[in-house]
Amino acid sequence: MTALTSQKTVQLPLWRQIQRQNFLRWDDLVEYLQLSSELRQKVLPKGRFPLNLPRRLAQKIQKNSINDPILRQFVPLQEEETLTDGYTLEPLQDPKFLQSKKLLHKYQGRALILTTSACAMHCRFCFRQNYSYETETIGFEDDLTYIAQETDLSEIILSGGDPLSLNDGQLQSLLQGLELIPHVKRVRFHTRFPIGIPERLDDSFLQVLEASSKQIVFIIHCNHPRELDSDVADALKRVQKLGIPVLNQTVLLKGVNDDEAILLELSESLVQAGVLPYYLHLHDLVQGTAHFLVSDERGKELVQYLHKHTSGYAVPRLVREVPGQPGKTLIL
Ligand SMILES: *Cc1c(COP(=O)(O)O)cnc(C)c1O
Ligand code: SF4
């Protein structure tokens with residue numbers, strides 16, 4: 001160290017500090033999970049989609065087990081190397097529907113902004129894991145120009161990646177841009193951040209939400225009841241207190257949640273946290289995810305079971321995305 005080295009450090013928000021502790025390296029993770037040498041061989045040292053796992057979720061994984069529902073969602077396993085017919089890198093053909101560098105307008109009245117490629121965590125089944133995002137453009141001028149011209153767009157969906165990867169200043173300026181477009185009535189967030197790093201929903205972020213005059217809708221992504229805990233529920237409660245509805249979408253995944261009792265517990269826990277189940281997605285056919293496949297028939301059975309065993313509003317709609325369709329395809 002020389003005397004010239006500045007000691008001034010910029011204080012990162014708490015959530016950024018927590019994010020920096022994510023597991024990114026195979027050796028750190030297999031050590032932490034106390035996997036036997038036999039089980040270690042089933043974990044890919046380098047998946048095509050890099051490992052990225054928040055500590056909070058890693059703590060919920062059972063030690064020395066490869067069948068854990070949290071592990072299966074986030075840890076790259078040898079099964080990803082299997083090539084399967086009918087599975088592709090870009091099953092939804094999203095790039096075809098881009099109207100500007102990062103705006104997808106596929107459905108009537110709604111457009112989706114791929115705000116960033118960064119996520120709080122990397123889910124092995126993600127349908128956007130191979131998407132080549134525009135990373136150079138930082139601002140949203142082009143997207144806002146398009147939205148301003150399309151007067152029948154009443155809802156803008158902030159997705160990604162995860163929109164909560166943006167910092168509050170970026171989110172605020174995006175919301176301020178939308179504020180100036182009168183035909184936009186609602187802004188919807190699609191985020192998995194609260195599950196991995198609920199600290200992201202801090203005072204500063206809540207102020208950004210509060211400053212918007214648009215109706216905001218929050219959709220989180222939770223696949224297993226163990227992802228929910230009291231910190232997550234408390235953070236979501238703060239959002240709900242602003243008059244923002246919070247909904248959840250789940251991806252139906254073999255070995256994770258393709259089970260009556262688990263889905264029932266998930267619905268009940270969500271509702272108990274004031275979060276309403278929205279969609280149960282049949283998984284998209286992304287290469288390397290065939291081991292997650294659950295059949296349509298099994299999906300229907302599971303939803304029918306929920307219908308019999310819980311409140312109507314706790315039953316998600318079973319859907320799949322079919323490229324070229326005017327909306328999600330309702331299976332049940
Ligand atoms: C899923 C999706 C939406 C939203 O669809 P809803 O059925 O309203 O939830 C909008 N745009 C795109 C590109 C989508 O993939
Ligand atoms: S958080 Fe969402 S976008 Fe990010 S990897 Fe997971 S499923 Fe994909």
Side-chain angles (χ1 to χ4, degrees), residues 57 60-62 67-74 91-92 107 121 123-127 157 159 188-196 198 217-237 239-240 244-286 289-322 325 327-332:
L57 286 162
K60 296 179 180 183
I61 298 176
Q62 196 197 333
N67 295 320
D68 182 277
I70 308 282
L71 178 141
R72 297 193 73 79
Q73 292 186 65
F74 302 107
L92 302 185
Y107 303 158
M121 61 199 85
C123 314
R124 308 317 302 169
F125 50 86
C126 178
F127 72 93
I157 300 170
S159 182
R188 190 199 307 186
F189 284 80
H190 272 255
T191 176
R192 193 146 161 66
F193 239 102
I195 299 300
V217 177
F218 225 69
I219 303 196
I220 63 163
H221 173 180
C222 176
N223 294 334
H224 191 280
R226 220 192 289 158
E227 292 169 41
L228 290 171
D229 58 45
S230 57
D231 293 340
V232 174
D234 290 350
L236 294 172
K237 189 59 72 189
V239 175
Q240 292 161 8
I244 296 173
V246 182
L247 305 162
N248 178 64
Q249 54 182 6
T250 296
V251 181
L252 184 56
L253 300 164
K254 188 170 177 188
V256 174
N257 59 13
D258 59 331
D259 176 273
E260 281 82 355
I262 289 173
L263 284 181
L264 182 60
E265 189 189 339
L266 176 60
S267 273
E268 296 274 335
S269 318
L270 285 165
V271 166
Q272 205 49 42
V275 180
L276 295 184
Y278 179 44
Y279 280 149
L280 180 62
H281 280 271
L282 289 161
H283 101 299
D284 302 303
L285 306 187
V286 185
T289 66
H291 54 289
F292 286 125
L293 180 69
V294 179
S295 70
D296 287 19
E297 282 319 303
R298 181 69 183 129
K300 286 186 205 172
E301 240 173 60
L302 288 164
V303 173
Q304 269 153 357
Y305 177 88
L306 292 180
H307 209 64
K308 280 198 209 118
H309 290 84
T310 185
S311 315
Y313 58 76
V315 182
R317 269 158 281 187
L318 185 67
V319 294
R320 90 145 32 86
E321 194 158 343
V322 182
Q325 291 302 304
K328 308 282 185 255
T329 303
L330 204 57
I331 308 295
L332 193 72

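Positions are given from 1, in the same order as the sequence printed here. This structure is a prediction, so every number in the text was calculated from the model and none was measured.
- The closest donor-acceptor contact from the side chain of Ser267 to the backbone of Ala314 lies under 3.5 Å.
- Contact detail for Cys126 and Val286: the closest heavy-atom pair is O-CG2, 3.9 Å.
- Separation of atoms CD1 (Ile220) and CD (Glu227) is listed at 9.0 Å; rounding is to 0.5 Å.
- For the atom pair CG of Asp229 and OG of Ser269, the computed distance is 11.0 Å after rounding to the nearest 0.5 Å.
- Closest approach of Pro316 to Val303, counting heavy atoms only: O-CG1, 3.9 Å.
- Between atom CZ of residue Arg188 and atom NE2 of residue His190 there is a gap of 4.0 Å, rounded to the nearest 0.5 Å.
- A distance of 14.0 Å separates CG in Leu247 from NE2 in His221, rounded to the nearest 0.5 Å.
- In this structure, the separation between NE2 on His224 and CG on Asp259 is 8.0 Å, given to the nearest 0.5 Å.
- With salt bridges taken as basic N to acidic carboxylate O contacts below 4.0 Å, one links Asp296 and Arg320.
- Annotation: the span from Phe292 atom CZ to Asp258 atom CG amounts to 11.0 Å, rounded to 0.5 Å.
- When all heavy atoms of Leu318 and Gly299 are compared, the pair lying nearest together is CD2-C, 3.6 Å.
- A donor and an acceptor atom, one from each side chain of Glu321 and Thr329, are nowhere located under 3.5 Å apart.
- The number of heavy-atom neighbours closer than 6.0 Å to NZ of Lys254, taken from other residues, nucleotides and ligands shown, is 12 or below.
- Between the side chain of Asn257 and the main chain of Val251, a donor-acceptor pair closer than 3.5 Å is present.
- Among His281, Arg317, Arg192, the one residue that satisfies the side-chain hydrogen bond (donor to acceptor under 3.5 Å, both in side chains) test with Gln249 is His281.
- Around the CD atom of Gln272, the shell of radius 6.0 Å holds no more than 12 heavy atoms that belong to other residues, nucleotides or ligands.
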Begin from the C-alpha positions of Glu260 and Arg298 and carry the test salt bridge (charged side-chain N to carboxylate O under 4.0 Å, His left out) through to its verdict.
CA-CA 10 Å; Glu260 281 82 355; Arg298 181 69 183 129; 3.1 Å; yes
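- Phe218 approaches Thr191 most closely through the heavy-atom pair CE2-CG2, 3.7 Å.
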